[in-house]
Amino acid sequence: MENTNVKDKIIKNMDTVVDNAVIINRRYLDDEQLIHSEQLEVLEEIFNANVRDYEIREISSHFAPILRNDHPMHLALWGKTGTGKTLTICYFLKLFSDICKKRKIPVWIEHLDLSTPRPCFRALNDLACLLNVSRKYKRGVSLEEIMLKIESALAEYYGHFILFIDEVDNVRTDKDNFLAFLIRRLPQAVPSKVILVFASNRINWADNLDPRIKSFLKMNELIFKPYDAVDLQHILKIRVKKALHPKSITPGVIEKIAAMSCYEHGDARRAVVLLSSSAHIAEKNGSRITTETVDHAAQEIERDKYVDMIRTAPVQLQAVMAAVVLCIRKMHKATVDTYSVYDVYKNFCSKASVRCLAIRAFRDLINELDIYTFIRARVISKGRYGRTREIVMDLPSELADKIYNTILLNFQMKK
DNA sequence: TGTCCACAGGAAATACGGGGGT
DNA sequence: ACCCCCGTATTTCCTGTGGACA
C-alpha cells in the first residue's frame, strides 16, 4: 500500500518535471561540455548572423597575401575576455586551412594556449610538444636545447607556419626571451614563413617589452570591441534554440539578458552563463523563464562571485573575513570596531593554526575587504574618545553564513 | 577655543620566497 | 647545491587628525 504510494509519488513528480522541462539539451548551455564539432556548429551560426563581421573581414584581408604566396606581417588581437578573440581566429584559421588545402598552398597552423600563466621555459616546452619534438615538461633541459628542437621541427618545412599564441601576457618570467626567440631568431633560423598571431586582453601588453624586440616586431593590430546588445541577442538566440524548450521562454528574456550583459561587461560567455542559470532556476521551480527569473539568476551569480572570491583569496584575508562574520554574530550589533574584530581574529588564528598578523597588517586586510565590498569600513571620530573604523557588513546574512562556511571548509582541508 | 583621545595610515626597516646564475 | 638579487609581505615606528568635552 505505502509502497505504491511512494512509487506513484515518484512517478508523478518525475512526470511533472518532464512536462515542465525547460532544458532540452543541457550541453548547449555549457561550452565545456560541447564536443569540438558542436562548438564549430554554434560558431558557424554566430558568424552567419554577421556577428564579428568586421573583425573576420580584417583578419581575412590580413592573411590574404598567403594566397599569393606572399608573407604577411604578424597579427595582434586585443580585447577584453569573452569578446571572442580566440573563437574568431580559430574559426577563421580552420576555414583558411581548408581554402589553402584546396589551392595546394602549404600552411601549418598551431594553437599555443597559454591561458594559465607559465614561465618562458614551459611555454617553449609546450610549443615543442605541439610540434611533436618533445615530451611534456622535460626537466633539466636547457632553454637552448628546446629552441633547437623547435627549429629542427621546422627545418624542412618551406611553407607558411602560422602560430596562434593565446593570452601572450601569461608568459611570466623572461617574456623577452620567449618573444625574442619567436620574433627574431626563429624566422631567421628556419626556411618556413613564420606568422605569429598574438591574443591578449591587455592592450598595453607590448609596452614593457625590450625595445630591441619591439622595434623588430612588425605587426597589424586588431581590436575586438565588447559585444553590443544586438550581437549578444544573436548569440543567445542560437543557444536558446539549441538548448531550451521553445515554449519555456517568455518574450523579452533574451533582450533582457543581452541588455544586462552588454551594460555590465559585453562578455558573451558570461551572458550564456546567465541564460543557463536562469534556465536552471526556472526548471527547478517548474515555471517558464521570465524576466524575474533572470533577476534571480543574476543575484545568484553575484552571490557565487563573492563565495568564489573568498575561496580563492589568500589565507589571511579569509581569516579576517571569518573574524568579521564571527565578531558581528557575537556582538549582536550591526557595527563593530577594528580592535574587537582583531581579538576575534587572534582567537580564530590560534584555532585554525594560522599565523597571526600584527595589527597594522590586519588593518590593511580590513581595507582590502572593503575594496572588494565584503564589508564597509569607514573611519569615524568619537571626539575625546579617539577614532575608530566602523565595520559593517551589508551582505544578506544567508550569504554571510555561506561565506563563513566556505572559509571553514578551506581551513579544514589544510589540516 | 584648546586639549587630547585612540586609533588611522604613511614611511622605513626587515623578513621572506622564488628564480636565475654559477 | 649554493648564493645573490629582487619583488613582495609584514613589522616597526611614528606622525596626523576629527571632534567631544571642559
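Sequence lines set the chain letters: A, B, ... in the order given, protein chains first and strands last, and positions in each chain run from 1.
- Residue A:Arg387 places no side-chain N or O under 4.0 Å from the OP1 or OP2 atom of B:dA8.
- Between the side chain of A:His160 and the backbone N or O of A:Asp70, at least one donor-acceptor pair lies under 3.5 Å.
- Taking CD1 of A:Ile249 as the start and CD1 of A:Ile254 as the end, the distance is 4.5 Å to the nearest 0.5 Å.
- Summary of helix geometry: the two end axes of the helix from B:dT1-C:dA22 to B:dT22-C:dA1, each defined by five base pairs via their C1' atoms, are inclined to each other by 10° (rounded to 10°).
- A donor-acceptor contact closer than 3.5 angstrom links the side chains of A:Tyr345 and A:Gln316.
- Under the 6.0 Å distance and 45° angle rule, A:Arg329 counts as a cation-pi partner of A:Tyr404.
- Residues A:Phe92 and A:Phe164 keep their aromatic ring centres 6.0 Å or farther apart.
- Contacts of A:Tyr385 classified as side-chain contact (heavy atoms from CB on, under 4.5 Å), with partners at least two apart in sequence or in another chain: A:Lys382.
- At least one side-chain heavy atom of A:Phe362 sits under 4.5 Å from a side-chain heavy atom of A:Val341.
- Counting heavy atoms of neighbouring residues, nucleotides and ligands inside a 6.0 Å radius, atom CZ of A:Arg269 does not exceed 12 of them.
- A donor-acceptor pair is defined here as one N or O able to donate and one able to accept, closer than 3.5 Å; such a pair exists between the side chain of A:Tyr157 and the backbone of A:Trp108.
- Across residues 377-384 of chain A, A:Val379, A:Gly383, A:Arg384 each have a non-hydrogen atom less than 4.0 Å from an atom of DNA chain B (numbered order).
- Taking the 5' to 3' direction, DNA chain C first and last meets chain A under 4.0 angstrom from a heavy atom at C:dT10 to C:dC21.
- Looking at residues two or more places apart in sequence or on another chain, you find a ring pair (Phe, Tyr, Trp, His ring centres under 6.0 Å) between A:Phe374 and A:Tyr306.
- Between A:Phe63 and A:Phe96, the angle of the ring planes lies from 30° to 60°, which puts this pair in the tilted group.
- One atom, OH of A:Tyr342, and another, P of B:dA6, lie 19 Å apart when rounded to the nearest Å.
- At least one cation-pi condition fails for A:Arg363 and A:Tyr342: the charged atom is not both under 6.0 angstrom from the six-membered ring centre and inside a 45 degree cone around its axis.
- For residues 355-367 of chain A, proximity to DNA chain B is found at A:Arg360, A:Arg363, A:Asn367, defined as any non-hydrogen atom under 4.0 angstrom from a strand atom.
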Which is it for A:Ile281 and A:Ser287 under the side chain to side chain contact (heavy atoms under 4.5 Å, CB included) test, yes or no, and what are the steps along the way?
-> CA-CA 9 Å; A:Ile281 290 177; A:Ser287 65; over 6 Å; no
